[in-house]
Amino acid sequence: MIAIGIVSIAVVLLAIQFKSIKPEYSIFISVAGCIFIFIFILAKMKDIISLLDRLSDLTSVSREYVKILLKITGITFISEIASDISKDCGYTAVSNQVQIFGKITVLVISLPVFTELISKIGGLLS
């Protein structure tokens with residue numbers, strides 16, 4: 001966590017320095033910093049995936065649901081990062097559309113879980 005904090009502060013300070021000289025370089029530095037931090041996050045995802053696999057083995061939860069959960073998490077991260085970068089560049093409308101697209105994609109991917117949940121509730125009620 002300390003490394004990410006240091007990298008983020010360095011990226012912000014570099015971006016601020018370049019903003020007055022060449023604003024486009026400031027954007028490139030910011031995007032590069034976001035990509036670096038995202039790659040660091042992906043390296044940590046390996047631990048989370050192994051933990052979810054162990055939990056799936058211990059319970060009766062299907063691995064398909066674990067895959068859906070991981071997909072939803074990834075989509076959320078990517079859409080949030082893309083939205084923030086768009087907003088930082090001054091493209092608020094694009095940022096809002098990326099957020100909406102991310103939310104709709106999460107809804108579509110989670111439909112099998114909702115279907116199964118409604119099916120189980122219907123089975124309990126009848």
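In this text, all values refer to a predicted model and were calculated from it rather than measured experimentally.
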According to the side chain to side chain donor-acceptor pair (under 3.5 Å) rule, which pairs have a member within residues 101-121, sequence neighbours left out? none
When rounded to the nearest 0.5 angstrom, what is the spacing between [atom1] in [X] and [atom2] in [Y]?
| X | Y | atom1 | atom2 | result |
| --- | --- | --- | --- | --- |
| I48 | I41 | CD1 | CD1 | 9.5 Å |
| R63 | I68 | CZ | CD1 | 14.5 Å |
| I75 | L107 | CD1 | CG | 11.0 Å |
| I21 | Y25 | CD1 | OH | 10.5 Å |
| F36 | S8 | CZ | OG | 10.5 Å |
| Q97 | I100 | CD | CD1 | 4.5 Å |

Donor-acceptor contact present, side-chain S95 to main-chain Y91, <3.5 Å: no
Strictly distance-based, threshold 3.5 Å: is any side-chain N or O of S79 a donor or acceptor partner for the main-chain N or O of G102? no
F38 atom CZ, over 12 foreign heavy atoms within 6.0 Å: yes
Would you sort out whether Y65 and L69 count as a side-chain contact (heavy atoms from CB on, under 4.5 Å), showing the intermediate values? CA-CA 6 Å; Y65 295 140; L69 179 66; over 6 Å; no
Nearest heavy-atom approach of S26 to A15 is OG-O, 3.1 Å
Which pair of non-hydrogen atoms, one from V11 and one from G33, has the smallest distance, and what is that distance? CG2-CA, 3.8 Å
Side-chain heavy atoms nearer than 4.5 Å, only ILVMFWY residues, links allowed to pass through others: does that put [X] and [Y] together?
| X | Y | value |
| --- | --- | --- |
| I39 | I81 | yes |
| M45 | L52 | yes |
| I27 | I16 | no |
| L14 | F28 | yes |
| I35 | F77 | yes |

Pairs satisfying salt bridge (charged side-chain N to carboxylate O under 4.0 Å, His left out), at least one member in residues 72-99, at least two apart: none
